[in-house]
J.: 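Mind looking over this structure? Questions follow.
All of these numbers come straight from a predicted model, not from anything done at the bench. When reading the values below, keep in mind they use all heavy atoms of this one structure, side chains included, and skip hydrogens, waters and symmetry mates. Ligands are counted one by one from 1 in listed order, and the atoms in each one are counted from 1 as well.
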Amino acid sequence: MKGFAMLKIGQTGWIEKEKPKAGPLDAIVAPLAIAPCTSDVHTVYSGAIGERSNLILGHEAVGKIVEVGSEVKDFKPGDRVVVPAITPDWRSVEVQNGVPAQHSKGLLTGWQFSNYKDGVFAEYFHVNDADMNLALMPDSMSLEQAVMLPDMVTTGFHGAELADVQYGATVCVIGIGPVGLMAVAASTMRGAGRLFAVGSRAKCVAVAKEYGATDIVNYKQGDIVAQVLEATKGKGVDHVIIAGGGEDVLAQAVNMVKPGGSIGNINYFGEGDSLPVPRLAWGCGMAHKAIRAGLCPGGRGRMERLISLIVHGRLDPSKLVSHRLQGLQGVEKGLALMKDKPADVIKPVVLV
Ligand code: NDP
Ligand code: ZN
């Protein structure tokens, strides 16, 4: 089968591989729609998770099942499914301890596609533990909406969970690419009062307002901490969600969050050895400014709840889709768009 792969750090290309086989609990899926991600860009071009050779890229897909293993109970060939980017090993002690995305084989091991095994930018891909990791795609949902679920929706929403956004609270979402825009939508749903969104591109700003941002902060027009503090009369915000930004973004978050507030990080820091935290603004470690950071949770239960938001009209993630490309080969252009981020790109989708 054909797949679009990371050949080595900094280099991509089309390769031929054997079609994957399903173990007893697994499924083989043919993609219907896929989406390239900023994380693919970090992986290939920054070498953020280290060297990988001839590894098929991609972790965002919806597809049609072509094969299931002998022990799979709830899915069959022909079913259309949403495939979460994170497909944990549900038979692990870490799952029992509540951290499915990080299991015994090491950090971030719940993230298997295009990290520990071939990803979804191929004619077929393998899904471990199908009953626990797949969710049926309702007919009422468009492919464009569905393919925003595996990563953009779940990660953005996880940002609001990590920051523990409370109703009526003042929130700042730093970064309004597709992930940050879903964090804006999630904060609105959790009842945020004032909602700052930090970005610069007009297209993302317009969508941020549609998802509920009340104030826009342009990081190209001055220090974002100063802008947020000025707008809040020096008080700062209750919650910060980091979904983009430069190498000083964690410091900025600590500087703008109130004592007692919380920071949720979903950004993938692709470069550097350490991230500075401002000691004094963090109260020498005693300011009750919580920092939580995480990989988006995966699995079937979470996907089914997020599907419910779309089916019942509470969320329309298709506003993120800025480009539609046809055929598997379109993924090459899609990844280039994610890498170069021209002004009109939010998220490209490839309809296979
Ligand atoms: P984008 O690159 O599309 O968006 C980044 C955003 O950050 C844009 O709004 C951009 O503004 C803004 N930005 C850039 N520089 C600065 C700066 N110096 N200060 C403030 N804002 C800035 O990324 P995505 O939305 O696709 O992804 C966001 C992050 O989430 C990525 O690091 C990605 O790898 C990560 N990720 C993490 C996952 C997880 O599970 N934790 C899963 C998926 C993604 P503008 O372009 O308007 O100038
Ligand atoms: Zn992604």
J.: Within the 4.0 Å heavy-atom shell around G175, which atoms of ligand 1 are there?
T.: 6 (C), 7 (O), 9 (O), 12 (C)

J.: Are any side-chain N or O atoms of K347 and backbone N or O atoms of P36, one a donor and one an acceptor, separated by less than 3.5 Å?
T.: yes

J.: Which ligand 1 atoms, with their elements, are less than 4.0 angstrom from a heavy-atom of G294?
T.: 41 (N)

J.: Can you spot which of V44, I15, L55 makes a side chain to side chain contact (heavy atoms under 4.5 Å, CB included) with L7?
T.: I15

J.: Got a salt bridge between D164 and R190, using NZ or NE/NH1/NH2 to carboxylate O under 4.0 Å?
T.: yes

J.: State the atoms of ligand 1, each with its element, that fall below the 4.0 Å cut-off from a heavy-atom position in H42.
T.: 31 (C), 32 (O), 34 (O)

J.: Examine I263 and V184 and state if one hydrophobic cluster contains both, with Ile, Leu, Val, Met, Phe, Trp and Tyr joined whenever side-chain heavy atoms are less than 4.5 Å apart.
T.: no

J.: State, to 0.1 Å, how close E247 and P276 come at their nearest heavy-atom pair, and which atoms those are.
T.: O-CD, 4.1 Å

J.: Short N/O distance, under 3.5 Å, between K341 and ligand 1?
T.: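 So ligand 1 has an N or O lying under 3.5 Å from an N or O of K341.
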
J.: At what distance, to the nearest 0.5 angstrom, does CD1 of I9 lie from CD of E51?
T.: 4.0 Å

J.: Which is closest to atom 40 (O) of ligand 1 by heavy-atom distance: C296, C37, G199, A48?
T.: C296

J.: Provide the number and element of each atom of ligand 1 under 4.0 Å from a heavy atom of I176.
T.: 6 (C), 8 (C), 9 (O)

J.: Please report which non-hydrogen protein atom sits nearest to atom 18 (N) of ligand 1, along with the residue it belongs to and the distance in Å to one decimal place.
T.: G246 N, 3.4 Å

J.: Could you tell me whether V179 and ligand 1 have an N or O pair separated by under 3.5 Å?
T.: yes

J.: Where the closest heavy atom to atom 33 (C) of ligand 1 is concerned, which of A293, P297, S46, S39 has it?
T.: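 Checking each option, the heavy atom nearest atom 33 (C) of ligand 1 is found in S39.
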
J.: Please name the residue in the list E60, M148, H323 that meets the side chain to side chain contact (heavy atoms under 4.5 Å, CB included) test with V349.
T.: M148

J.: Please name the atom of E60, restricted to N, O or S, that is closest to the Zn ion (ligand 2).
T.: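 Closest N, O or S atom of E60 to the Zn ion (ligand 2): OE2.
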
J.: Would you say the side chains of W14 and Q329 form a donor-acceptor pair under 3.5 Å?
T.: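 There is no such pair between these side chains.
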
J.: Relative to the heavy atoms of D151, which atoms of ligand 1 are at a distance of less than 4.0 Å?
T.: 42 (C), 43 (C)

J.: With atoms numbered from 1 as shown, which atoms in ligand 1 lie under 4.0 angstrom from a non-hydrogen atom of V198?
T.: 20 (C)

J.: Among protein heavy atoms, which sits nearest to atom 46 (O) of ligand 1, and what does the distance come to when rounded to 0.1 Å?
T.: R201 NE, 2.7 Å

J.: Quick test of your reading of the structure: of Y268, W111, Y219, whose heavy atom lies closest to atom 48 (O) of ligand 1?
T.: Y219

J.: At what distance is the nearest protein heavy atom to atom 39 (C) of ligand 1, and which residue and atom is it?
T.: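 It is T155 CG2, 3.5 Å.
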
J.: Who gets closest to atom 8 (C) of ligand 1 by heavy atom: G244, G177, A85?
T.: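 Shortest heavy-atom distance from atom 8 (C) of ligand 1: G177.
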
J.: Measure from the side-chain N and O atoms of W282 to the backbone N and O of K289, and report whether any donor-acceptor pair falls under 3.5 Å.
T.: yes

J.: Salt bridge or not for R292 and E161, using N-O below 4.0 Å?
T.: no

J.: Looking at D74, D129, D131, which hits side-chain hydrogen bond (donor to acceptor under 3.5 Å, both in side chains) with R300?
T.: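 Testing R300 for a side-chain hydrogen bond (donor to acceptor under 3.5 Å, both in side chains) against D74, D129, D131 leaves exactly one candidate, D74.
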
J.: Which pair of non-hydrogen atoms, one from A343 and one from K203, has the smallest distance, and what is that distance?
T.: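 For A343 versus K203, the nearest heavy atoms are O-CB, 4.0 Å.
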
J.: Does A243 have a heavy atom less than 4.0 Å from any atom of ligand 1?
T.: yes

J.: Give a rough value, rounded to 10 degrees, for the angle at the Zn ion (ligand 2) between atoms NE2 of H59 and OD2 of D151.
T.: 100°

J.: Could you find the nearest protein heavy atom to atom 23 (O) of ligand 1 and give me its residue, atom name and distance?
T.: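 Its nearest protein heavy-atom neighbour is T38 OG1, 3.3 Å.
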
J.: Is ligand 1 under 4.0 Å from a heavy atom in the side chain of H158, in the backbone, in both, or in neither?
T.: neither

J.: How close do L295 and A101 get, heavy atom to heavy atom, and via which atoms?
T.: CD2-CB, 3.6 Å

J.: If the cut-off is 4.0 Å to any non-hydrogen atom of I266, which atoms of ligand 1 fall inside it?
T.: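 Matching atoms, with element in brackets: 30 (O), 35 (C), 36 (N), 37 (C), 38 (C), 39 (C), 41 (N).
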
J.: Give the residue, atom name and distance (to 0.1 Å) of the protein heavy atom nearest atom 32 (O) of ligand 1.
T.: N267 OD1, 2.8 Å

